[in-house]
Amino acid sequence: MTSSRRLTGRWLIASTLVLGGCLSAQQPVAQKPGVPGVQAPMSYLIPDAQYRIEANGIKGGPDWLAVTEDSVWTNSKGTDMVFRMDASSDRILAAVPVKKPCSGFAVAAGTLWSPSCEENVIYRIDLKTNEVVAKVPVGPANTEGGIAFGAGSAWMPSDPKGMVSRIDPATNKVIAGIKVAPGSFTAVFGYNLVWVSSTEGSVVSVIHPATNRVIAEIPVGPNPRFMAAGEGFVWTLNQRDGTVTKIDPRTLKVVATIDVGVAGSGADIATGEGAVWVTQKTIPVSRIDPATNRVTAQLYGPGGDTMRVGHGYVWLSNGREGTVWRFLPAKLIAAAPHSWTEDAQKTDLDGDGKLDLLVEDLAMFMPGEPVKFRMKLLNPQLGSKFTLKTTLNGKTVENEFAQHGDEWTATLASSEPRWIHYSVCVTGSTTCSKPLVVASPTTSVSYAAGKTKFVPDTFMVPSLPALGGYRWNILEPEILTQDYAALTHAVGRNGPMTMTTEEDYGELKRHRWEFQHLTSFAYGILTADGTEEIACVYVNPSKKQGYDASVRFLMTERGVKENLQPMLEQKVREWIKTSWPFSKVAYVGLDVSMSEWNALPDSDR
């Protein structure tokens, strides 16, 4: 929804709402800074949901993850619990007591298998009732490892000297013990075989379940700990040098070693959605293309522990913050460095059904600085002369594009705040691309340019407070339909609606850019099914002296009718007080009237 900065001149709402793993100790760790060229800050990734893991008022330390038919499970050693998360909302569905849950999960035979490092057993939790139905008398070989299920059995590395216990789910008894390389802690099942990594021996033992015999020992990278089977191969994450080993399950041979640059502890690897995913505590998200063996995207900063893929999402636990994130795989691609052409507007100028131009879809522009626009010509028959047509605050300007290799650029020499409407035209004609809109920042240029910090660079946006049946979403183009509809029903709006959908699209692009760059934070409150936006919350740098932040609200007619305001205000006040790094916050239109706020001296930031 429109930023509160723009609300004051168009409608007044002040009277209601203004509105991991341990590394083997015998080897030193050579930390590497990931893969250059594909990196962006972790803040650029905006999750679709955050789950707050806590029990009895104690913040949990979520770690392991397991995907079931309608849920995802995580554990929390500090609270002696495992938690069931709803796959389609941000709700915690159940918390089940497990003493010091550790060493991974397995899902099979209608139960979740959760090893306990205190009781040295495996809890079995019924997936329908969330009740513990059995305790299997087998313990894990290490607190950081993994249990597997396949060929009708559970497979648990159960002795650090090198032993895998095969467990019959019908009797909960060990039916075989298979000797493997010492220091083997993690097992996965895939391609009809059991794969067990030895962190100490830097090998993977391959067990054939028909014979319970090791049929191969495959040398891999140094100190492998966690593994994944999927996308046609078996993958090991090697903690000492931060590489990933790719094993062909047909030949039982290593076919590639991929440098991911994530050496060290606190890590995991997963497969799904056409990629291999790696997390590590200083580089929380890396994506590997399994076809090219290239790291295509990587985010650095705080936030990584364990990772799984399921229900169309990537799931990432962060034990230090007590949260689990759920995000669409495409969001990582969008957050990581990529060519402007991937987000460009695709244009068919002559109506023949073929693309003629790519026009850059700018996220925002900085007032007072020249604004550069780019295009790419796909149809040479259109000619070689093109014009940039821009309109800003009622003033229209035309500038010629200049060709630089396969790109064309044009510049708007200086700019004022507001919206720039722009299109690409064939020079001397009325043939133009569909207009796009780019907005100026919510904040001052000092904040937008990063010269003044609103929050620290390492700040992780806290998990969102629960709002009953409502859900949070950052203001971004993906909810344009809901956001624009909400504008027509905002409480206290003066006069007819004048903003276009294109202008709201520009606003939402800008809001997402600000969220990614930690300069301003804007949220929409949606109905449970996500089809309607009924309120907004804006957390911005203060423009007035004496405050370091301002919080504003916007409420729609439906929000007022459902009496959302009191609950939303109470939840946000507590959230800001306990989870954000501000010393003095102004709740404009609530604690400070609009007239009083406007009369305060302006900040010099």
Side-chain angles (χ1 to χ4, degrees), residues 20-21 31-51 62-63 65 226 228 235 237 239 242-244 258-290 292-309 312-340 342-343 363 450 453 455-463 474 476 478 512-519 521:
Q31 288 286 348
K32 296 179 69 175
V35 178
V38 296
Q39 293 184 334
M42 187 63 183
S43 61
Y44 283 23
L45 178 63
I46 299 167
D48 293 276
Q50 292 188 70
Y51 300 81
D63 192 359
L65 296 166
F226 302 107
W235 312 80
L237 177 56
Q239 291 186 316
T243 61
V244 167
I258 305 163
D259 188 359
V260 188
V262 291
S265 60
D268 198 12
I269 187 169
T271 58
E273 296 294 322
V276 179
W277 305 84
V278 174
T279 183
Q280 196 262 354
K281 62 184 179 182
T282 60
I283 301 180
V285 186
S286 298
R287 180 189 184 276
I288 301 171
D289 183 335
T292 64
N293 302 327
R294 291 179 55 248
V295 177
T296 60
Q298 196 168 64
L299 302 182
Y300 61 84
D305 271 320
T306 301
M307 184 173 277
R308 287 294 180 269
V309 182
Y313 293 90
V314 179
W315 300 75
L316 177 68
S317 65
N318 179 2
R320 293 173 297 284
E321 294 295 326
T323 60
V324 173
W325 282 18
R326 169 167 60 87
F327 63 88
L328 289 168
K331 288 197 171 184
L332 177 62
I333 304 300
H338 58 279
S339 169
W340 65 269
E342 295 183 39
D343 302 321
K453 300 294 183 182
V455 295
D457 289 335
T458 56
F459 181 69
M460 287 195 68
V461 178
S463 56
I474 76 152
E476 58 183 345
E478 284 74 9
R512 179 165 61 190
W513 185 94
E514 290 175 326
F515 202 108
Q516 290 176 332
H517 290 78
L518 305 178
T519 64
F521 305 90

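To the nearest 0.5 angstrom, Tyr44 atom OH is 7.5 Å from Trp513 atom CH2. One finds the CD atom of Glu476 at 7.0 Å from the CG atom of Asp48 (value rounded to the nearest 0.5 Å). Residue Trp315 holds its CH2 atom at 8.5 Å from CG of Leu65, rounded to the nearest 0.5 Å. Taken from CD1 in Ile258 to CG in Asp289, the straight-line distance is 9.0 Å, to the nearest 0.5 Å. Taken from CG in Leu237 to OG1 in Thr243, the straight-line distance is 8.0 Å, to the nearest 0.5 Å. In this structure, the separation between CE on Met460 and CH2 on Trp325 is 4.0 Å, given to the nearest 0.5 Å.
Counting heavy atoms from C-beta on, the side chains of Thr279 and Leu316 come closer than 4.5 Å. You'll find the side chain of Arg287 stays beyond 4.5 Å of the side chain of Val38, heavy atoms only. Between Val285 and Met307, the closest side-chain pair of non-hydrogen atoms falls below 4.5 Å. Side chains of Gln298 and Ile283 form a contact here, defined as non-hydrogen atoms less than 4.5 Å apart. For the pair Ser286 and Trp277, the minimum side-chain heavy-atom distance is 4.5 Å or more.
Here the shortest heavy-atom pairing between Ala40 and Ala335 reads CB-O, 3.4 Å. Counting all heavy atoms, side chain and backbone alike, Pro290 lies closest to Gly274 at CD-O, 3.4 Å. Residues Thr458 and Pro302 come closest through the heavy atom pair O-CG, 3.6 Å.
In this structure, Ser463 contributes its side chain and Gln50 its backbone to no donor-acceptor pair below 3.5 Å. Side-chain atoms of Asp305 do not come within 3.5 Å of backbone N or O of Asp63 as any donor-acceptor pair. Remark: the backbone N or O of Gln516 is paired with a side-chain donor or acceptor of Ser43 at under 3.5 angstrom. A donor-acceptor contact shorter than 3.5 Å is absent between the side chain of His517 and the backbone of Gly450.
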* **Working for side chain to side chain contact (heavy atoms under 4.5 Å, CB included), residues Val278 and Val244** => CA-CA 9 Å; Val278 174; Val244 167; 4.0 Å; yes
